[in-house]
Amino acid sequence: MTGPRIIDGKAVAAEVRAEMAKKVAAIKSKHGQVPGLAVVLVGEDPASKVYVRNKGAQTVEVGMNSIEHKLSAETSQDELLALVDTLNKDPQVNGILVQLPLPKHIDAELVLNTIDPIKDVDGFHPVNVGRLWIGERALVPCTPTGSVILAKSVAPNLSGMDAVVVGRSNIVGKPMAALLLRENCTVTIAHSRTRDIENVVKKADLVVAAVGIPEFVRGDWIKPGAIVIDVGINRIEGPDGKGRLVGDVNFAEASKVAGAITPVPGGVGPMTIACLLKNTVEAFEMQTGLSADA
Ligand SMILES: Nc1nc2c(c(=O)[nH]1)N[C@@H](CN(C=O)c1ccc(C(=O)N[C@@H](CCC(=O)O)C(=O)O)cc1)CN2
């Protein structure tokens, strides 16, 4: 008997980056310009520092300009808003990302909504949210975009599938549902108040877990052969007292039933930064009208 297919997020992310490197090189040789991405980090959150470092390094690796702003945890909301305003006006900056979480004294929603929607490479601005739902060209949140690419790497045509998204956050659950609808899936969003959630999930050909609870989705909730995309990244203490990363799906159980499944780490996580680079190229093309092809 063969086991489930383990979807290799690192390998797929490397393919996306290689594709972006090619596009950036073509843009540079045709138009003499390269896209620029500005990333803003406020404070000293250790995980955020690693993500921001990786974003900068991967931006440079694919040939784009990386602009990093590292601000102290004491930065005031007004100072951060002023920086966003400066970046909005800077023609060298095509994409702006403010790393989350922000310190508690800063209203994250206000800051994100201040980013010019055409530079909003996180796709969190209400203008991009609205455009996504009505099917217009939009900058789309990176993690859901990466999740769809991973699902399509094992099932290129998702049309007609029953998809269940577990979680209804603005950052993952809701945009995920919009993207799956665009792929012609029949989409259900399940959440903490969903009745009989096990049986709701059990109907799904495609399960996306984005609920933020370690190993919430159990193996006996999964329909045999289903595709399981695990968006969760939770650090828990193992039996040896050491920290380890687990997803929102109980991988040991679900991998016995699923047709294909993403691991944590090494699944959706690496796709987030790869799709950020993709969005930066997209933002550049939207702003300048220049592309790799024309
Ligand atoms: N402005 C934003 N802030 C945050 C986002 C975001 O998309 N935009 N997402 C997360 C953090 N994040 C990127 O910013 C991110 C998270 C995880 C990974 C990743 O590759 N994870 C690895 C495991 C890494 C580890 O060992 O800790 C994996 O899953 O294999 C990349 C990017 C919150 N903030």
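Just follow the structure's listing: the first ligand is 1, and inside any ligand the first atom is 1. Quick note: numbers below take in every heavy atom, side chains included, and nothing from hydrogens, waters or symmetry partners.
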Who's the nearest protein heavy-atom neighbour of atom 4 (C) of ligand 1, and how far?
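The answer is Q99 NE2, 3.6 Å.
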Which protein heavy atom lies closest to atom 9 (N) of ligand 1, and at what distance to 0.1 Å?
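Protein heavy atom with the smallest distance to atom 9 (N) of ligand 1: T272 CG2, 4.5 Å.
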min-distance protein heavy atom vs atom 34 (N) of ligand 1 -> L100 O, 3.0 Å
for atom 1 (N) of ligand 1, nearest protein heavy atom and its distance come out as D122 OD2, 2.6 Å
Under 3.5 Å: N/O of C142 near N/O of ligand 1
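No, C142 has no N/O under 3.5 Å of an N/O on ligand 1.
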What is the closest protein heavy atom to atom 23 (C) of ligand 1, and at what distance does it sit?
L245 CD1, 3.7 Å
Which residue holds the protein heavy atom closest to atom 32 (C) of ligand 1, what is that atom called, and what is the gap in Å?
Y51 CD2, 3.6 Å
Strictly distance-based, threshold 3.5 Å: is any side-chain N or O of E198 a donor or acceptor partner for the main-chain N or O of D220?
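Not a single qualifying donor-acceptor pair exists.
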Which protein non-hydrogen atom lies closest to atom 29 (O) of ligand 1, naming both residue and atom, and how far is it?
G269 CA, 3.4 Å
Decide whether an N or O pair under 3.5 Å exists between K55 and ligand 1.
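Yes, K55 has an N/O under 3.5 Å of an N/O on ligand 1.
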Which of L97, I171, V98, N113 passes side-chain contact (heavy atoms from CB on, under 4.5 Å) with F124? It is I171
If only atom types and distance count, is the side chain of N234 paired as donor or acceptor with the main-chain N or O of G247 below 3.5 Å?
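Here the side-chain-to-backbone pair exists.
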Closest heavy-atom pair and its distance - V121, G95
CG1-CA, 3.7 Å
